[in-house]
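These numbers come from the heavy atoms of this one structure, side chains and all, not from hydrogens, waters or symmetry mates. Keep in mind that this is a model prediction, so the values were computed, not measured.
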Amino acid sequence: MYANISYQETFGIEIVNDELITLETMKITHLLGIGAMALSVAACTTNPITGRSSLQLANNSEILTMSSQEYKTTLAKGKVITGTADAKRVVSVGSRIKSAAEKYYQSIGRSADLANYNWEFNLLQSSELNAWCMPGGKVAVYTGILPITKNDNGLAVVLGHEVSHALAGHGNERISQAMVAQYGGQILGGTISNGQWASVFEKVYPIGSQVALLKYGRNQESEADEMGLYLMSMAGYDPREAIPFWNRMESAATGSRQPEFLSTHPNPETRIADINKDLPKALEYYKAAGGKL
């Protein structure tokens, strides 16, 4: 189970991405019996685009409030680029992907899922090859990644991936995983305070500085790859550009410290194989959006 899986120290335990969290949840379910099972079922959310189910226990309204505050803090401490061609491209491409997502959710009768999202797309001055999205649609792209994106299609790969993290509720899922690992049965007893939820949020999302380290598990990153591929296609961007983009990212990482954007992603061979598997469906979305095959 531990083969080819990285881990990080979080909350005083080793979290092997999603795998150890899953193991911890299984242990708690075994110890606490049917109550934990009922809790898991009640808090289970299914992604309407990928079909993946995830445990999301946290209060979304509180998460969105905290993420909005942290986003403002990050922008205030960093250098936001506005008015340039690159800044306008970030807003334009991001808005198209956001609109495509809203149209899709409306078509399946789930517009309410996005009711509380308040999207923002900003370009920040930084040499980091990175981009991220806070829960609720607060997106930041660093100037350092733009030479790797090269064009609107490459930028759409990045923004589709980041928008997907927000839409899939990966922030809620990550916080919920951390809460289960740290507090276990207290969640069932309803004894978790708002302060404890806030403390976990700050550890999962240690923003507060220009360099944001948003740590997702490998399963979440793989889902964002897949979902992002579909979203960029729905928005009319060519999904076939995803493979060249990821190859450029890997080349940029060769011989230097791995970019944060790649830190918890699947290995390159797995990612490319997954993209090739998902491309036929993505191309259907692309064609429906008016793209030329």
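Counted within 6.0 Å of CG on N116, heavy atoms from surrounding residues, nucleotides or ligands total 12 or fewer; the atom is thus considered open.
Listed here is the closest heavy atom pair of G136 and A166: N-CB, 4.4 Å. The two residues A242 and V157 have their closest heavy-atom pair at CA-CG2, 3.7 Å. The shortest non-hydrogen separation linking S67 to P135 is OG-O, 2.8 Å.
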Pair L283-L293, side-chain contact (heavy atoms from CB on, under 4.5 Å): steps then yes or no: CA-CA 8 Å; L283 287 170; L293 302 180; 3.8 Å; yes
Any chance you could lay out the side-chain contact (heavy atoms from CB on, under 4.5 Å) test for I148 and L129, step after step, and finish with the verdict? CA-CA 8 Å; I148 310 300; L129 278 65; 3.9 Å; yes
Pair L75, L124 - check side-chain contact (heavy atoms from CB on, under 4.5 Å), show working. CA-CA 8 Å; L75 296 187; L124 300 183; 3.6 Å; yes
List the steps and the verdict of side-chain contact (heavy atoms from CB on, under 4.5 Å) for D238 and K292. CA-CA 8 Å; D238 193 341; K292 296 182 179 179; over 6 Å; no
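With hydrogens and angles ignored, the 3.5 Å screen pairs no side-chain donor or acceptor of K79 with any backbone N or O of S126. Looking at Y237, its side chain never comes within 3.5 Å of a backbone N or O of G160 through a donor-acceptor pair. The backbone N or O of Y285 lies less than 3.5 Å from no partner atom in the side chain of S233, so there is not a single donor-acceptor pair. Between the S95 side chain and the V91 main chain, a donor and an acceptor come within less than 3.5 Å of each other. Under the 3.5 Å distance criterion, the side-chain polar atoms of Y71 are matched with a main-chain donor or acceptor of V139.
Exactly one of E223, E226, H170 qualifies for a side-chain hydrogen bond (donor to acceptor under 3.5 Å, both in side chains) with N47. That residue is E223. Each of Q56, Q220, H165 was checked for a side-chain hydrogen bond (donor to acceptor under 3.5 Å, both in side chains) with E173, and the lone residue meeting it is Q220.
A donor atom on one side chain and an acceptor atom on the other are found under 3.5 Å apart for T46 and S53.
Looking at heavy atoms from C-beta onward, L123 lies out of side-chain contact with K88 at the 4.5 angstrom threshold. Side-chain contact between H161 and E221 is present, with heavy atoms from C-beta onward closer than 4.5 Å. Looking at heavy atoms from C-beta onward, W119 lies in side-chain contact with E102 at the 4.5 angstrom threshold. By the 4.5 Å heavy-atom criterion applied to side chains, F121 and V163 are counted as neighbours. Looking at heavy atoms from C-beta onward, I49 lies in side-chain contact with L231 at the 4.5 angstrom threshold. Counting heavy atoms from C-beta outward, D225 and D274 have side chains that stay 4.5 Å or more apart. For the pair T149 and V141, the minimum side-chain heavy-atom distance is 4.5 Å or more. In this structure the side chain of M249 reaches within 4.5 angstrom of the side chain of I145, judged on heavy atoms.
Taken to the nearest 0.5 Å, the CG atom of L229 stands 11.5 Å off from the CZ atom of R240. How far OH of Y104 is from CG of L167: 11.5 Å, rounded to the nearest 0.5 Å. Note: I272 CD1 to E250 CD = 8.0 Å, rounded to the nearest 0.5 Å. Note that CE of M232 and OG of S164 are 11.0 Å apart. Values are rounded to the nearest 0.5 Å. For the atom pair OG1 of T65 and CG of N60, the computed distance is 10.5 Å after rounding to the nearest 0.5 Å. Atoms NZ and CG, from K150 and L155 in turn, are 14.5 Å apart once rounded to the nearest 0.5 Å.
Grouping the Ile, Leu, Val, Met, Phe, Trp and Tyr side chains by contacts below 4.5 angstrom, directly or via other members, places M134 apart from L64.
For residues 106-119, the set of pairs meeting the salt bridge (Lys or Arg N to Asp or Glu O under 4.0 Å) definition, not counting sequence neighbours, comprises R110-D113.
Ion pair D86/R89 flagged as a salt bridge, since at least one NZ, NE, NH1 or NH2 atom sits closer than 4.0 Å to an Asp/Glu carboxylate oxygen.
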